[in-house]
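What follows is one structure encoded as structure tokens, with my remarks underneath.
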Amino acid sequence: MTETGHSAGGSAGLFDEVRAREIIGGLAGLQGATLPILHALQEEFGYVDQRAVPLIAEALNLSRAEIHGCVSFYHDFRSAPAGRHVLKICRAEACQAMGVEKLVERIELTHRLGVGGVSPDGGLSIESVYCLGNCALSPAALLDGEPVGRLDAKAIDDIITQHTGARA
Amino acid sequence: MSARIFVPGDSAAISVGANKVADAIRMEAARRGVAVEIVRNGSRGMLWLEPLVEVETPAGRVAYGPVTPGDVASLFDARFIEGGAHALALGKTEDLDWMKRQQRLTFARCGVIDPVSIADYRAHGGFAGLEKAARMMPAEIVAEVTASGLRGRGGAGFPTGIKWKTVLGAEADQKYIVCNADEGDSGTFADRMLMEGDPFTLIEGMAIAGLAVGATKGFVYIRSEYPHAFRVMEKAIAEARRAGSLGADVAGSGKAFDMEARLGAGAYICGEETSLLDSLEGKRGQVRAKPPLPALKGLFGKPTVINNVLSFAATPWILAHGANAYADYGLGRSKGTQPFQLAGNIRRGGLVELAFGVTIRALVEDFGGGSRTGRPVRAVQVGGPLGAYFPDHLLDTPLGYEEMLAVKGMLGHGGVVVFDDTVDLARQARFAMQFCAIESCGKCTPCRIGSTRGVETIDKIIAGTERAKNRAVLDDLCQVMTDGSLCALGGLTPIPVVSALTHFPEDFEKPGGLRLAAE
């Protein structure tokens, strides 16, 4: 049970209406299908394209406003493609107790990357999350869905060097 | 016969290299021509020892840890497969002090078995509770759970049996069982560990609830921050269906119960039960006003049992061993055991299941060994982001629902997060308000607006701007949020804030002008 995670961003965010319809059609029969559909679309394309909203609304017999409301309500759903790699850093209390805010400062001041944004070369998205359930080995993160524990400055530097900059 | 080696597949263990260790063992065994079977078990809960590798010997399981890939060759040299001596050898797992001193009922199998092997689960007493329930009348099952004194492990502490009784008594063509596996209180990881390490216990508990109230369909709503747990649960549900523990005839009862796992989408508020129901229905996860109770009008408007992971997971043991045996554990009206989670700045962090009544200090000092940095422990937050920060003089408080309320805290999910003396409680109080502002569903004003005003007001206090006036504003705001919020997020956010103000006032009185780091 070591399959890799799903949260790596899609390659170029190429939206494909036919493929989107296929995904939506395959899941529309579920009870409360909105979230499973949004997850599946994001997994396929790396984000939820605006153009998918009317397709979902039509399939589920809901208004576009209701679907748009869902996409914008949940932190997980992106409206634009993520970087090629995604680092989710936990900033909740147990990670704070082990200095995660110092690491965030390092990302922002030393590496000049925004938490909540994508690196200029599109290599790495860095997102804040609030608890990954790895609180005894904090600070914790997920890199492309794979857990990383006892994060320190060196680990942060390595991740950033590896996934941004000249290395495409 | 090949040697059985256990390398946890728990995501905390993976986060410190368990997959690499498993690969290294596999390669080294192949290189030496040694036959091994590697089982990816859950974690035993001794997280500071992860990756904790165990081997099965005639004398019992012997543990080595923390193991790195670089240690693997020397472990083979030391004949660790037979339990040989090595610098990382810890002795028999069961004899370790940390394990021996616990009372593991819910977590008895976690870390012991292969998480998705039905055969392994059965061999360790699994499904005994469900099989018993399959031969009982629904009202008898409910009575057993009620008699055990089990209370909701999510924090509110509502008696589980009473909730089930309400659903049993409701007339409807369809009823649901919903497991709240989105109570992502920071500092807690028992749900995740159980779903990854012993998912059948949760499935069994939900099936028991289904038989008890006449529900045929269940959902487990898992937070998306636990992707690994979600995958294990999906696999376990498929296995349980194949074994007939889920499906048209649950455990030979002649009754149907099936379930699905659903993934949340990063909204903390969906750990609130009515938000979760709206989210499951495919809507924004906004809080519903109560009444009507979910027990009468829950998922899709139907009577619904909604409990959290640890509540459901306690019921197989209760059914198998009897309500009285469970109620013998505990303190006062807090019956049974609680899986406590030691986290944050702590030397030996992990999961400790014990009867209610253990003190915070016993957990932090005896089990946890104090802070990881070696500095003095200054504050301990109990019960997640909505729990109180306790100073040293309150650490002798026993952990129980009423006992926590008496010191203006709450037990929550049993998370215990330790901070050393570098913590700034004004900053922690600000974070509590900020977190509420980020995660508020927006439905009620005290929570939506109050939390943002709370951040601003604490910023002014920290900056030294009209401190007395702003302190009065903050006190008032906390009162309004407590009394006027629709759910526990806005209603309990003042708990960490007020505890910080009460127990650590000096942090709010430092010379002004020291601005917080930009946020």
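Throughout, protein chains are lettered first and strands after them, A, B, ... in sequence-line order, and every chain is numbered starting at 1. Since the structure is predicted, the reported quantities are computational estimates derived from the model, not experimental observations.
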So which of Lys217(B), Gln341(B), Arg223(B), Met193(B) has the biggest tally of heavy-atom pairs under 4.5 Å with chain A?
Arg223(B)

Exceeds 12 heavy-atom contacts within 6.0 angstrom, atom CD of Gln174(B)
yes

Nearest atoms (heavy-atom pairs only) where Ala92(A) meets Ser186(B)
CB-CB, 3.2 Å

Find out whether Cys135(A) and Val417(B) are in side-chain contact, i.e. whether some heavy atom of one side chain is under 4.5 Å from a heavy atom of the other.
no

Quick check on Cys270(B) against chain A: is it the side chain, the backbone, both or neither that has a heavy atom closer than 4.5 Å?
side chain

Part of Leu280(B) lying under 4.5 Å from any heavy atom of chain A:
backbone

Heavy-atom cut-off 4.5 Å, strictly under: side chain, backbone, both or neither for Gln428(B) against chain A?
side chain

Given a strict heavy-atom distance threshold of 4.5 Å, which part of Ser279(B) is in contact with chain A: side chain, backbone, both, or neither?
both

With a 4.5 Å cut-off on heavy-atom pairs, point out which of Lys283(B), Glu260(B), Arg192(B), Arg372(B) contacts chain A the most.
Arg372(B)

Does Tyr74(A) use its side chain to pair, donor to acceptor, with the backbone of Gly285(B) at less than 3.5 Å?
yes

Hey, would you say the Phe435(B) and Tyr130(A) ring centroids sit under 6.0 Å apart?
yes

Are Phe189(B) and Cys131(A) close enough that some pair of their side-chain heavy atoms sits under 4.5 Å apart?
no

Please report the closest heavy-atom contact between Ala94(A) and Gly187(B), naming both atoms and the distance.
CB-CA, 4.3 Å

Heavy-atom distance under 4.5 Å to chain A: side chain of Phe230(B), backbone, both or neither?
neither

Looking only at heavy atoms, the pair that brings Gly145(A) and Pro227(B) closest together is O-CG, 4.2 Å

Pro147(A) backbone acceptor or donor facing Ser15(B) side chain under 3.5 Å
no

When rounded to the nearest 0.5 angstrom, what is the spacing between CD in Gln96(A) and CG in Asn345(B)?
12.5 Å

Could you state the interatomic distance from CG (Leu263(B)) to CD (Glu43(A)), rounded to the nearest 0.5 Å?
9.5 Å

With a 4.5 angstrom heavy-atom cut-off, which part of Glu281(B) approaches chain A: side chain, backbone, both or neither?
backbone

Does any N or O in the side chain of His39(A) come within less than 3.5 Å of the main-chain N or O of Gly264(B), such that one atom is a donor and the other an acceptor?
yes

Quick check: do Phe419(B) and Glu93(A) have side-chain heavy atoms less than 4.5 Å from each other?
yes

With a 4.5 angstrom heavy-atom cut-off, could you sort out which part of Leu137(A) is near chain B: side chain, backbone, both or neither?
side chain

Closest approach of Ser72(A) to Arg284(B) (non-hydrogen atoms, all atoms of both residues):
OG-NH1, 3.9 Å

Could you tell me which portion of Gln31(A) (side chain, backbone, both or neither) has an atom closer than 4.5 angstrom to a non-hydrogen atom of chain B?
both

Taking side chain as everything from C-beta outward and backbone as N, CA, C, O, which of these in Leu351(B) sits under 4.5 Å from a heavy atom of chain A? Side chain, backbone, both or neither.
neither

The salt bridge (charged side-chain N to carboxylate O under 4.0 Å, His left out) partners of Lys302(B) (sequence neighbours excluded) come to Asp173(B)

Contacting region of Arg348(B) [heavy-atom separation from chain A under 4.5 Å]
neither

May I ask you to name which of Val71(A), Leu30(A), Ile67(A), Ile37(A) has the most heavy-atom pairs under 4.5 Å with chain B?
Leu30(A)

Which region of Asp185(B), side chain (C-beta onward) or backbone (N, CA, C, O), has a non-hydrogen atom less than 4.5 Å from a non-hydrogen atom of chain A, or is it both or neither?
backbone

Tightest non-hydrogen contact, residues Ala267(B) and Phe73(A), listed as CB-CE2, 4.0 Å

By a 4.5 Å heavy-atom criterion (distance strictly below it), what part of Thr188(B) contacts chain A: side chain, backbone, both, or neither?
backbone

With a 4.5 Å cut-off on heavy-atom pairs, point out which of Ala265(B), Ala18(B), Ala343(B), Ala12(B) contacts chain A the most.
Ala265(B)

pair Cys90(A)-Glu225(B): side-chain heavy atoms closer than 4.5 Å:
no

